[in-house]
Each structure stands twice: as structure tokens, then as C-alpha cells.
Amino acid sequence: MREHVLLIGGGGREHAIARALADSEADLYACAGNRNPGIAEIATDFETLETTNPKAVVEYAEDVEATIAVIGPESPLEAGVADELEAAGIYAFGPKEADARIETDKAFQRRFMRENDIPGCPDFETFDDMEAACDYIDEYDGDLAIKPAGLTGGKGVKVIGDQVTAEEGKEYIQESDYDRIVLEERLIGEEFTIQAFVANDTFETSPAVQDHKRAYEGDEGPNTGGMGSYSDATRELPFMTEGDYEEAVSIIEATVDALEDYRGILYGQFMLTSEGPKVVEFNARFGDPEAMNTLPVLETDFLEVLTAARDGDAVPELEFAEQATVCKYAVPEGYPTDPEAGAKVQVDADSAGDALLYYASVDERDDGIYTTTSRAFAVVGLADSITEAEAIAEDALAVAGEEGLDMRHDIGKPDLVQQRIDHVNELRGE
Ligand code: AMP
Ligand code: GLY
């Protein structure tokens with residue numbers, strides 16, 4: 001029987017998943033809170049529903065006779081959508097609520113690493129008493145990262161010595177109404193992401209990606225969900241050695257071994273420090289934007305991964321094209337603090353030239369596609385080098401214009417990549 005794959009979520013990441021399945025021997029059905037025109041074009045049917053409501057998702061899955069589900073974002077994982085799908089007899093490629101705590105509960109995640117002796121764990125303490133947390137900041141010898149334990153869309157972390165002073169950090173703790181926080185050693189280095197495809201106690205990793213969380217060029221401004229990202233034609237990034245990549249993979253391996261029957265994507269966010277890779281966080285899903293770097297170069301049929309996972313087999317060996325990728329998001333002007341919605345999107349798949357176009361939070365009207373208050377669309381260039389891939393992405397952004405949009409032109413440019421290399425060399429004392 002032809003597989004019926006249900007895709008849950010409506011962002012750029014899910015558009016990339018939809019495209020990875022577009023040529024597979026499967027019918028794709030999709031549901032999300034927003035109507036994503038890119039996904040809707042590929043899917044046999046698209047339903048708008050609340051994806052954190054497991055009953056609504058299961059009802060739609062049963063209506064379309066889904067044989068496999070893929071869960072894109074973290075919020076349905078936290079809401080137990082994978083558990084409810086399984087209870088209804090539908091395999092979900094995405095962890096159950098308890099396993100998703102590796103992302104949704106940062107205190108759990110750190111304790112899990114400590115209890116299982118997983119390498120790469122920074123020094124940390126967890127607090128539910130905010131006074132005690134402030135005392136700890138006063139007494140701690142060194143800078144700390146302040147992390148709310150729950151989900152904050154990547155925007156809740158404050159790093160002392162980087163974004164805030166110790167005094168501002170304490171004020172932040174006292175003024176926010178978080179009930180649990182983690183205080184951990186500030187890691188200094190360069191960040192990179194490795195996404196692992198996990199099922200049946202086996203896993204396969206994909207090339208490293210570097211995301212850019214800060215809103216403005218030169219890594220200035222507030223944190224965002226991610227403004228853009230790049231990967232190289234090799235598994236590692238220009239500032240890493242093969243050994244750094246392998247060390248990060250061994251951390252992922254120890255984590256997969258310690259988790260029982262985890263399935264889905266395990267996203268490791270690492271800091272390459274002077275002592276090697278350390279874990280900044282784990283996510284229980286593909287990254288957004290990182291999925292748009294990884295899935296376009298995945299040459300193995302993603303459907304094969306999904307069916308192997310469901311059927312109890314090992315994750316098939318993954319083949320990736322040896323191409324560099326650069327992804328850049330266009331966001332509404334003023335994002336993320338004061339976003340102005342309603343700009344018309346002036347680029348489409350045909351006018352994007354050699355770049356791939358992925359829609360995220362947009363509003364499709366009779367006369368065109370408009371921005372909302374979140375990341376709007378992304379363009380991705382693929383080429384032999386990061387520099388060439390960057391130029392392809394920039395050509396597509398030029399078609400889009402800048403009217404009502406912000407974007408980071410610096411992502412993937414030779415200058416910025418060189419700064420990363422210099423930074424790591426400096427940390428290593430080279
Ligand atoms: P997270 O939500 O855990 O991904 O954190 C958001 C961002 O905060 C990360 O991408 C890092 O840039 C930064 N961050 C988190 N933890 C640390 C840490 N221990 N040291 C330095 N920076 C951190
Ligand atoms: N790009 C960061 C994330 O998906 O969490």
C-alpha cells in the first residue's frame with residue numbers, strides 16, 4: 001500500500017521536510033496552525049488545526065488514513081502528540097512527551113547528562129528558589145548562563161558577561177516569573193549543530209551547520225529563532241577539524257544509548273571550546289533553519305528513513321551531496337521585538353533563480369503572499385563552496401527586495417566565516 005505521511009507543523013523547517021518527501025512513493029498530508037503555501041502546494045491535503053491539541057491531530061490523521069507521522073516543531077512533542085498518535089496505532093517519527101524533555105525541560109536535560117555520565121556537560125545547578133539562584137550568581141567564580149527550564153523559543157537565555165552583567169542577570173531572574181531555572185557555566189567558543197536521525201537504538205548524523213541567532217548583522221541585537229545558517233561540502237565546518245566533528249558525534253552516541261527507544265531527530269547544539277565540543281542544548285526535532293541546510297543535500301530517500309524507523313529496522317546509512325549550503329531568512333521589519341506585518345512577498349519559486357525558496361509564517365491572500373509577525377521565508381543556495389552558495393542566496397534576496405523586510409546579508413560571507421576560524425584559532429592558542 002502507498003504510504004500516507006502526515007506532516008505536522010507549518011514553518012520553513014516543515015516546508016523542507018515536505019520537499020524531502022515530494023518525490024517519494026507516498027502521499028503527503030499536512031496540518032499546521034498556519035496555512036503554509038509551500039507545503040500546501042506539495043501536499044495532497046492541508047488542514048489548519050491546533051497542532052498542540054493531540055485529539056485534533058489524531059482525528060485528522062485517522063481521516064486521511066495516515067500510516068506514518070512526522071512531527072516538525074517542539075510544541076506538539078511537548079503536548080504529547082506522538083503518544084496519542086501511537087495510542088491510535090499511527091507511528092510518529094518524533095519522541096514521546098517524556099523523551100522530548102531532553103529539549104522541553106532544560107533542568108531534566110542537564111541532570112540526565114550528569115546521571116548518565118554523558119561527556120560535554122557544563123558545570124550547572126538547577127533552582128526553584130530564585131533568591132538562592134541570585135546568591136549562587138554572587139558566589140560563583142566566573143560567568144553563568146541563565147536558562148529558564150521550559151520552552152522559550154530560544155529567546156529566554158541570558159548570558160552573563162555577554163548579553164547582561166551579573167546585576168542585570170539577577171534582576172532578570174527576579175522580574176521574570178520563571179518557576180525553575182538552570183544556571184550553568186558560560187561556554188566560550190563557536191557554536192555548531194549536528195542533527196542525528198534516530199530510531200531503534202541506531203542513529204545517523206548529518207553535516208554540521210552553524211545557525212545565527214542574533215537578529216542583526218555582526219551578531220548584534222536580540223536572540224531570535226535563527227536568522228540563517230550555513231554548512232560546508234564536508235561534514236565539518238571551516239572552523240572545525242574532523243576530530244571535533246567525531247567528538248560531537250560521540251556525545252550524541254552516548255545520549256542515544258542513555259535514552260530508551262528514542263525516535264525522531266536528536267539535534268545537538270554544541271559549543272566548540274578550547275577543550276573541545278560541549279553541549280549547549282539538545283532539541284528533539286530538526287532545527288529551523290538547519291533543516292533547510294540538511295534536507296536539500298540528503299540524497300537518501302527520507303521516506304526510507306521513516307519506514308525503517310517504523311518497521312523496527314536500523315536507520316539506513318545516509319548519503320549527503322558534497323555541497324555547501326547557505327540559508328537566509330527574510331523576517332518582517334522590526335522582528336523580533338517590534339515586527340511590522342503585512343509586507344508583500346515579492347519573490348516566488350520561479351523568480352528565486354538557482355535558490356530554493358521556503359515559506360514560513362506568511363499569510364496567503366487572493367492577491368499574493370504577505371508577511372506576518374514571525375520569520376517569513378527563507379532562501380537557500382547550494383554550491384561547491386560556501387561563498388558560491390551565499391551568492392545564490394543573495395541573488396534571490398535581491399529579487400525579494402527590502403521593502404518591509406529585514407535580513408542578515410552577512411551570513412555565509414567570507415568575512416564572517418573567517419572570523420569564526422580566527423576565533424577558534426585564538427581559543428586554541430594558534
Ligand atoms: P538555548 O535556548 O539553550 O539554545 O540557548 C540560546 C543561546 O544562548 C545559545 O544558542 C547560546 O548562544 C546561548 N547559550 C546557551 N547556553 C550557554 C552557555 N552555557 N554558555 C554560553 N552561551 C550559552
Ligand atoms: N535554530 C535553532 C532551533 O531550531 O532551535
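Sequential numbering from 1 along the given sequence is applied to the chain's residues.
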Chi angles and distances behind the side-chain contact (heavy atoms from CB on, under 4.5 Å) call for Phe197, Leu318: CA-CA 9 Å; Phe197 297 59; Leu318 301 182; 3.5 Å; yes
Considering all heavy atoms, the nearest Leu187-Met271 contact: O-CE, 3.3 Å
Pair Tyr329, Tyr358: side-chain N/O donor-acceptor within cut-off below 3.5 Å: no
Met227 backbone acceptor or donor facing His212 side chain under 3.5 Å: no
Side-chain H-bond candidate by donor/acceptor type, Ser361 with Asn34, under 3.5 Å: no
Check against salt bridge (Lys or Arg N to Asp or Glu O under 4.0 Å), Lys278 and Glu184: CA-CA 12 Å; Lys278 303 264 183 191; Glu184 67 185 30; over 6 Å; no
side-chain contact (heavy atoms from CB on, under 4.5 Å) between Ile265 and Phe93, worked out: CA-CA 8 Å; Ile265 301 299; Phe93 189 69; 3.9 Å; yes
Heavy-atom pair with the smallest gap, counting every atom of Glu78 and Leu151: OE1-CD1, 3.3 Å
Donor-acceptor pair, side chain of Arg408 and main chain of Arg214, under 3.5 angstrom: yes
Heavy-atom side-chain proximity of Val424 to Asp244 below 4.5 angstrom: no
Expected output: side-chain Thr273 to main-chain Ile188 donor-acceptor under 3.5 Å: no
Tyr91 and Thr67, any side-chain heavy atoms less than 4.5 Å apart: no
Taking every non-hydrogen atom, the tightest pair across Val362 and Ala376: CG1-O, 3.3 Å
Whether Arg420 side chain and Val417 backbone form a donor-acceptor pair below 3.5 Å: no
Arg13 to Phe286, cation-pi by 6.0 Å centre distance and 45° axis angle: no
Backbone N/O of Gly334 and side chain of Asp338: donor-acceptor pair under 3.5 Å: no
Considering all heavy atoms, the nearest Pro289-Gly225 contact: CD-O, 4.2 Å
For the student: nearest non-hydrogen atoms of Leu28 and Ile42, plus distance: CD2-CG2, 4.0 Å
Backbone of Leu237 reached by a side-chain donor or acceptor of Asp232 within 3.5 Å: no
Short side-chain to backbone donor-acceptor contact, Glu97 and Ala82, under 3.5 Å: no
Check: Glu217/His409 side-chain N/O donor and acceptor closer than 3.5 Å: no
Derivation and outcome, salt bridge (Lys or Arg N to Asp or Glu O under 4.0 Å), residues Arg180 and Asp105: CA-CA 10 Å; Arg180 279 181 316 133; Asp105 183 342; 3.3 Å; yes
Parallel, tilted or perpendicular, as decided by the 30° and 60° cut-offs, for the rings of Tyr29 and His4: tilted
CG-CG distance between Leu306 and Asp301, expressed to the nearest 0.5 angstrom: 8.5 Å
Heavy-atom side-chain proximity of Phe282 to Leu266 below 4.5 angstrom: yes
Beyond-backbone contact of Arg186 with Leu144, side-chain heavy atoms, under 4.5 angstrom: no
Worked check of side-chain contact (heavy atoms from CB on, under 4.5 Å) between Val399 and Val379: CA-CA 11 Å; Val399 176; Val379 294; over 6 Å; no
No-hydrogen, no-angle side-chain donor-acceptor test under 3.5 Å, Thr205 and Tyr245: yes
Side-chain heavy-atom pair Phe112, Arg101 within 4.5 angstrom cut-off: no
CA sep, side-chain torsions, deciding dist, call: Glu394, Lys328, side-chain contact (heavy atoms from CB on, under 4.5 Å): CA-CA 8 Å; Glu394 277 295 319; Lys328 300 199 192 205; 2.8 Å; yes
Pair Tyr267-Gln195, side-chain donor/acceptor within less than 3.5 Å: no
Over all atoms of both residues, closest heavy-atom pair of Ser206 and Ile194: O-CG2, 3.8 Å
Phe320 six-ring face occupied by Arg235 cation (under 6.0 Å, within 45°): no
Distance-only side-chain donor-acceptor flag, Arg110 / Thr126, under 3.5 Å: no
Whether Thr325 side chain and Tyr230 backbone form a donor-acceptor pair below 3.5 Å: no
CG-CD1 distance between Leu6 and Ile68, expressed to the nearest 0.5 angstrom: 11.0 Å
Side chain proximity check, Glu59 to Glu47, heavy atoms < 4.5 angstrom: no
Side chain Asp395, main chain Ile392, donor-acceptor under 3.5 Å: no
Salt bridge present between Glu403 and Lys344 (N-O < 4.0 angstrom): no
Check against ring pair (Phe, Tyr, Trp, His ring centres under 6.0 Å), Tyr60 and Phe46: CA-CA 10 Å; Tyr60 181 61; Phe46 190 108; 8.7 Å; no
Polar contact flag, side-chain donor to acceptor under 3.5 angstrom, Gln109-Glu281: no
Nearest-0.5 Å distance, CD of residue Gln269 to CD of residue Gln210: 9.0 Å
Any side-chain heavy-atom pair of Val57 and Leu49 under 4.5 Å: yes
Any donor-acceptor N/O pair, Thr371 side chain to Ala343 backbone, under 3.5 Å: yes
Side chains of Ile369 and Asp363 in contact at under 4.5 Å (non-hydrogen atoms): no
Candidate pair Phe270 and Phe192, rule ring pair (Phe, Tyr, Trp, His ring centres under 6.0 Å), full reasoning: CA-CA 5 Å; Phe270 298 94; Phe192 66 94; 5.3 Å; yes
Matching residue for Ser229 among Asp211, Asn293, Thr294 - test: side chain to side chain donor-acceptor pair (under 3.5 Å): Asn293
